[in-house]
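Since the structure comes first, as structure tokens, the remarks are kept for the end.
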Amino acid sequence: MTLPEEEVAEELTPGVPGRGPRRAPSRGRVVVRRFLGSRQGAAGLAVLVVMFLLAFAGPLLSPWSYTDRDFTAFLQPPSADHWFGTLQTGADVYAVTLRGMQKSLIVGLLAALVSTALAALVGAFAGYFPGWADRTLTWVTDLLLVLPAFLILAIMSPVFGEGTWALFVLMLALFLWMVTSKIVRSMTVSLKRREFIQAARFMGVRPVTIIFRHVLPNLSSLLIVDATLNVSAAILTETSLSYFGFGIQPPDVSFGTLIADGSKTAVYAPWTFWFVAGLLVVTVLAVNLVGDALRDAFDPTSTRPR
Amino acid sequence: MAGFLARRLLNYVVLVAVAASLAYMLAATALDPRSNYADRTPKPPPAVIDAQLTALNLNDQVPLLERYAVWAGGVLHGDLGKSVTGSPVNDDIARRAGVTFRLVLLGMIVGSVGGVLLGALAAVRQYGWFDRVSTGLSFAVLAVPVVVLANMLILFATWVNDRLGTQVFLVSGEYTGGLDTGFWGSAVDRIQHLVLPTVSLSLALVAVFSRYQRNMMLDVLGADFVRTARAKGLSRRAALTRHALRTALVPVMTYFAFTFGALLTGATFTEKIFGWHGLGEQLINSIFTNDVNTVAAIALLAAVAVLCASLASDLLHAALDPRVRAG
């Protein structure tokens with residue numbers, strides 16, 4: 001979502017004066033217009049912005065922080081004092097939920113970025129360099145597909161102690177990139193036969209430079225869409241792992257740990273479960289809508305009646 | 001074709017061997033069976049712990065490669081080793097594989113058939129009300145993780161049970177133990193247990209399959225051969241089912257095989273939450289009890305399942321698509 005905004009910013013900066021007003025619209029501008037023109041894209045983006053604001057600015061509105069305990073209110077329903085109610089420990093559900101949301105959003109975004117970057121690099125290098133490089137990279141990709149990701153992450157979980165969530169993000173990303181990398185590889189193979197790549201090769205441009213300057217930019221639409229959809233995949237995986245205690249470790253909280261705790265008390269204290277679950281579902285839904293709308297916006301052949 | 005399949009098979013076998021070995025090494029390094037003895041009262045003397053761990057091939061003072069060699073030698077003879085309690089892993093896994101298989105098979109059938117039907121119907125009337133509703137619903141379902149969905153189902157079931165005053169949905173286990181109501185009684189009991197886990201497994205599958213099938217179907221609907229089928233006088237229904245649907249099913253079949261392979265361990269969350277004693281539940285339990293051999297055995301099974309799935313998808317592809325057989 002940040003890339004189209006950057007493109008807009010680039011479009012708006014008065015960098016090229018002197019050109020006539022009848023300039024052909026650039027691809028970036030077309031994509032942004034198509035994206036914002038679609039109802040689901042605009043709605044998804046708006047919801048996501050609200051979610052980010054809520055996660056990072058919302059805690060300032062409440063007097064409670066996520067470490068506070070209110071010893072006068074255990075497991076109380078929502079009230080003026082505690083907007084989302086309190087947990088069994090007396091913790092404020094609003095504060096705890098937003099804290100968990102911060103963590104889940106950051107983990108999801110970073111894991112998606114890392115995994116898409118990994119997919120792009122491995123796929124492009126495997127596609128561009130046939131022979132042993134291709135065979136090795138493809139084999140590693142296949143191996144990671146065969147390894148059950150959940151199992152490896154769960155076994156590694158004792159390593160994710162307090163403050164090592166960056167490592168958790170890396171491990172999460174390590175199991176998200178394989179399928180995209182296969183697509184990138186096959187697209188690189190066909191791109192390599194195109195004239196502009198051939199021209200660059202015969203002019204003596206180094207292969208690595210060709211990959212970064214010519215191959216990857218031509219796959220940018222695929223990669224942007226993939227990164228977006230990976231955000232939701234990463235958030236969902238993080239939730240599932242943390243639910244069973246294999247992900248984010250206490251005292252840190254995330255959507256997964258909150259849902260695990262909330263589901264135990266959900267029958268008689270619904271506020272401990274439904275606020276977290278609802279926010280999670282809305283966030284993931286918004287990310288998926290943005291990803292879908294981006295895919296349509298990048299695809300020149302798609303026609304959606306809007 | 002046979003040579004191609006043989007090469008594929010060889011490659012897969014090597015992959016599975018490497019994957020299982022990696023999983024064993026990881027489990028053996030990261031998990032610590034010795035800590036299981038720390039909380040016992042009275043605490044057994046270190047020499048006894050060592051002897052027990054060595055007997056189970058779990059002693060962390062034996063070099064990793066030596067333990068690996070013992071484990072791999074056993075696996076080659078069909079022996080998956082012993083669990084931390086000393087019982088053979090083979091028996092346990094065999095029993096649990098049956099439980100998982102029953103759960104996954106039903107969920108998979110309901111999910112794929114439902115998804116394919118929904119997707120095909122949605123594609124035939126693109127942008128009609130049915131298409132819009134099913135698209136919206138599948139987006140909503142895909143945003144709900146299994147852990148949330150399963151808990152929502154349990155809450156819903158408790159609510160319904162309270163309202164009706166009888167136990168309509170049973171939310172824990174595969175069947176009620178010690179039930180003596182004859183064949184039909186126990187069949188009903190099993191179905192009551194089966195409904196919710198199956199729904200939680202298959203809802204997401206329905207959503208994925210319907211999206212996939214819809215896109216495939218839309219690609220095919222505009223194709224020349226469908227128009228030809230109509231032009232030679234077939235009714236719209238016959239052209240759609242006999243020509244369009246069948247062609248659009250080919251890629252979905254591949255996806256089906258892969259999902260089935262992945263689900264054999266992917267049902268972990270459903271099993272754990274609904275208390276089914278299957279492979280997935282055992283996976284989580286064995287990590288918590290530092291049960292290295294069981295973890296490795298399940299990793300091996302998962303890898304083998306993915307292998308079988310990709311082989312099956314190759315074969316299915318060849319069976320459904322004449323071009324693959326000719327080439």
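Note on naming: letters A, B, ... go to the chains in the order of the sequence lines (proteins, then strands), and numbering restarts at 1 for each one.
Looking at B:L155, only its side chain comes within 4.5 Å of chain A, counting heavy atoms on both sides. Only the side chain of B:L22 comes within contact range of chain A, with at least one heavy atom under 4.5 Å from a heavy atom of that chain. Heavy-atom distances place the side chain of A:F273, and not its backbone, under 4.5 Å from chain B.
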(request) Please lay out, stage by stage, how B:F139 and A:D292 fare under the test side-chain contact (heavy atoms from CB on, under 4.5 Å). (result) CA-CA 10 Å; B:F139 262 110; A:D292 204 54; 3.6 Å; yes
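Counting heavy atoms from C-beta on, the side chains of B:V146 and A:S240 never come closer than 4.5 Å. No side-chain heavy atom of A:Y243 sits less than 4.5 Å from a side-chain heavy atom of B:V148. Contact of the B:N11 side chain with the A:W139 side chain is registered, since non-hydrogen atoms from C-beta on lie closer than 4.5 Å.
Between chain B and the options A:V282, A:L289, A:V276, A:V284, heavy-atom pairs under 4.5 Å are most frequent for A:V284. The greatest number of non-hydrogen atom pairs below 4.5 Å with chain B, out of A:T283, A:L143, A:I235, is found for A:L143.
What you find for B:I287 and A:A154 is that their closest heavy atoms are CD1-CB, 3.4 Å. Here the shortest heavy-atom pairing between B:P145 and A:L280 reads CG-CD2, 3.4 Å. The two residues A:L236 and B:L142 make their nearest non-hydrogen contact at CD1-O, 3.9 Å. Taking every heavy atom of both residues into account, A:F244 and B:F288 meet most closely at O-CZ, 3.3 Å.
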